[in-house]
Student: 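Quick one: the structure is below, questions incoming.
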Protein chains: 2
Amino acid sequence: MSAHPEFLLGEFSRTLDERYRLSLPPELAEPLTAEGLDCIVAKEQLGCLSLWSAAHWQRRLDEGVELVKGKMRAGRLEGRWEEVQLLGRLLSTRQRPVQLAGRGRLVVPEGFREFLAVEAGGEVLVVGAGVCVELWQPSAWQSHLAARMPEFRALFDRLAN
Amino acid sequence: MSAHPEFLLGEFSRTLDERYRLSLPPELAEPLTAEGLDCIVAKEQLGCLSLWSAAHWQRRLDEGVELVKGKMRAGRLEGRWEEVQLLGRLLSTRQRPVQLAGRGRLVVPEGFREFLAVEAGGEVLVVGAGVCVELWQPSAWQSHLAARMPEFRALFDRLAN
DNA sequence: GACGATTTGGGCGACCTTCCCACAAAACCA
DNA sequence: TGGTTTTGTGGGAAGGTCGCCCAAATCGTC
């Protein structure tokens, strides 16, 4: 349980079950669930979902949500209910907690299936994205790579220095 | 579910029955009715109703009403009767108390049905909005998301900091 | 070619949603 | 006023979904 979990890397092809299940490769599932089976799925862009360790995500989010709740109690958000409501609403549709079943198997929840845009029985690319795991619809993955790969060298140099 | 019982989150699809009833998912119904089965439905915008725990709502409303009453007593609203009148009028039509039946079943009251703009047998999206639960007509939900999702990050930062 | 690890598919049971029907209350009409 | 229809309310139960478990198929390696 290090403060710096491994940097998640790797690209794997998986098929989505008739019941919208897919199994994560152990290389990615293990580090992800090192602190518990709870994860967060989030909508990134059409054709891409991301999967986060709940522990990590909650740490970040809780700080925010706890802050908001604290402010609410303190009355510092009176007259800003609309904004709190809007935030909750957007959070609701963007992300959802899930639990990995045995052997790192994930069920893509209702509401995230259309967003991933992969039909039952179709192919999904499971990609380690450093801080999280991403699920890509194959053609979305292709066009993302085509668009962003050229920046790779500059990005690497910038982050590595 | 989430680690935030007071902060309602989640998005669910439900169908409105022929008699304009729908069942709330347990994840949302339970926290909402923790302090009693009494709730308040309010008109938010065309295609969207909100559902509040009566206890919370009263707290919020009382604060506002007390403020207005205080101002009236202090004579600070002299000459603004029209506005106060309008406020009272809107308060009367905007909201209505309802009771959740067993299994978290809600009857959308007469007068709120047209506002929700979902016909009997149609689909409703049930969304946790932090401080309340919202009922959305699907296309209204889509366009709301399209319009407001881009501000998500800025909103989060603004509220959390 | 065989073995082990991993992925995929299916069975089963529990839970949940929704359909349907029965009953009560209110409204409507003669 | 009395009977009939509409509307609200509650509960039973069918049907679907999901979680859990195990078995078969597949892949890679030795």
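Owing to the predicted nature of the structure, the values given are computational and were not obtained by experimental measurement. In what follows, every chain begins at residue 1, and chains take the letters A, B, ... in the order their sequences are listed.
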Student: Could you check if a side-chain atom of B:His144 sits within less than 4.5 angstrom of a side-chain atom of B:Cys48, using non-hydrogen atoms only?
Tutor: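 They are not in contact (no side-chain heavy atoms under 4.5 Å apart), so the answer is no.
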Student: Could you give all pairs that pass the salt bridge (Lys or Arg N to Asp or Glu O under 4.0 Å) test and reach residues 116-140 of chain B, with sequence neighbours left out?
Tutor: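 Every pair satisfying salt bridge (Lys or Arg N to Asp or Glu O under 4.0 Å) with a residue in residues 116-140 of chain B: A:Arg89-B:Glu134.
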Student: If you look at every heavy atom in A:Arg94 and A:Phe112, which pair is closest and at what distance?
Tutor: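 In terms of heavy atoms, the two residues are closest at O-CE2, 3.9 Å.
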Student: Could you tell me which residues satisfy salt bridge (charged side-chain N to carboxylate O under 4.0 Å, His left out) with A:Arg153, sequence neighbours excluded, listed by chain and number?
Tutor: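 For A:Arg153, the residues satisfying salt bridge (charged side-chain N to carboxylate O under 4.0 Å, His left out) (neighbours in sequence not counted) are A:Asp157.
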Student: Short of 4.0 Å, heavy atom to strand atom, which residues of residues 117-128 of chain B count as contacting DNA chain C?
Tutor: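 Within this stretch, nothing sits under 4.0 Å of the strand.
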Student: Indicate, with a heavy-atom threshold strictly under 4.0 Å, whether B:Ala101 touches base, sugar-phosphate, or nothing.
Tutor: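 Touches sugar-phosphate only.
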Student: Using chain A heavy atoms and a threshold of under 4.0 Å, write down where along DNA chain D the contacts begin and end, 5' to 3'.
Tutor: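 Listing 5' to 3', DNA chain D meets chain A from D:dC18 to D:dC22.
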Student: Which residues pass the salt bridge (charged side-chain N to carboxylate O under 4.0 Å, His left out) test with B:Arg103, not counting sequence neighbours?
Tutor: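 Counting only residues at least two positions away or on another chain, B:Arg103 forms no salt bridge (charged side-chain N to carboxylate O under 4.0 Å, His left out).
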Student: Which pair of heavy atoms, one from B:Val98 and one from B:Val107, lies closest together, and at what distance?
Tutor: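 Scanning both residues, the minimum pair turns out to be CG1-O, 4.4 Å.
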Student: Let me test you: for the helix from C:dG1-D:dC30 to C:dA30-D:dT1, what is the angle between the axes at its two ends (five pairs each), rounded to 10 degrees?
Tutor: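 Angle reported: 30°, given to the nearest ten degrees.
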Student: Just jot down the side chain to side chain donor-acceptor pair (under 3.5 Å) partners of A:Ser23, sequence neighbours excluded, or say none.
Tutor: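 With sequence neighbours excluded, A:Ser23 shows a side chain to side chain donor-acceptor pair (under 3.5 Å) to no residue whatsoever.
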Student: For A:Glu11, what residues pass the side chain to side chain donor-acceptor pair (under 3.5 Å) criterion, not counting sequence neighbours?
Tutor: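 If we apply the side chain to side chain donor-acceptor pair (under 3.5 Å) test to A:Glu11, skipping adjacent residues, the hits are A:Trp141.
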Student: Return whichever of B:Tyr20 or A:Val107 has its heavy-atom-nearest nucleotide of DNA chain D closer to the 5' end.
Tutor: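 Closer to the 5' end of DNA chain D: B:Tyr20.
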Student: Partners of B:Arg113 by salt bridge (charged side-chain N to carboxylate O under 4.0 Å, His left out), sequence neighbours excluded?
Tutor: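 Applying salt bridge (charged side-chain N to carboxylate O under 4.0 Å, His left out) to B:Arg113 gives B:Glu110.
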Student: With sequence neighbours left out, write down each residue that passes salt bridge (charged side-chain N to carboxylate O under 4.0 Å, His left out) with A:Glu30, or none if nothing qualifies.
Tutor: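 Salt bridge (charged side-chain N to carboxylate O under 4.0 Å, His left out) list for A:Glu30, sorted by chain: empty.
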Student: Please determine whether side chain to side chain contact (heavy atoms under 4.5 Å, CB included) holds for the pair A:Phe12 and A:Leu24, giving the CA-CA distance in whole Å, both sets of side-chain angles, and the decisive distance to 0.1 Å.
Tutor: CA-CA 9 Å; A:Phe12 309 83; A:Leu24 303 178; over 6 Å; no
Student: Produce a footprint string for nucleotides 4-14 of chain C: one letter per nucleotide, 5' end first; B if the base is under 4.0 Å from any protein heavy atom, S if only the sugar-phosphate is, - if neither.
Tutor: ---BBBBB---
Student: Using side chain to side chain donor-acceptor pair (under 3.5 Å) as the criterion, list what pairs up with A:Arg158, not counting sequence neighbours.
Tutor: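 With sequence neighbours excluded, A:Arg158 shows a side chain to side chain donor-acceptor pair (under 3.5 Å) to no residue whatsoever.
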Student: Applying the side-chain contact (heavy atoms from CB on, under 4.5 Å) test to B:Leu106, which of B:Val133, B:Leu51, B:Leu49 qualifies?
Tutor: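 Only one of B:Val133, B:Leu51, B:Leu49 forms a side-chain contact (heavy atoms from CB on, under 4.5 Å) with B:Leu106, namely B:Leu51.
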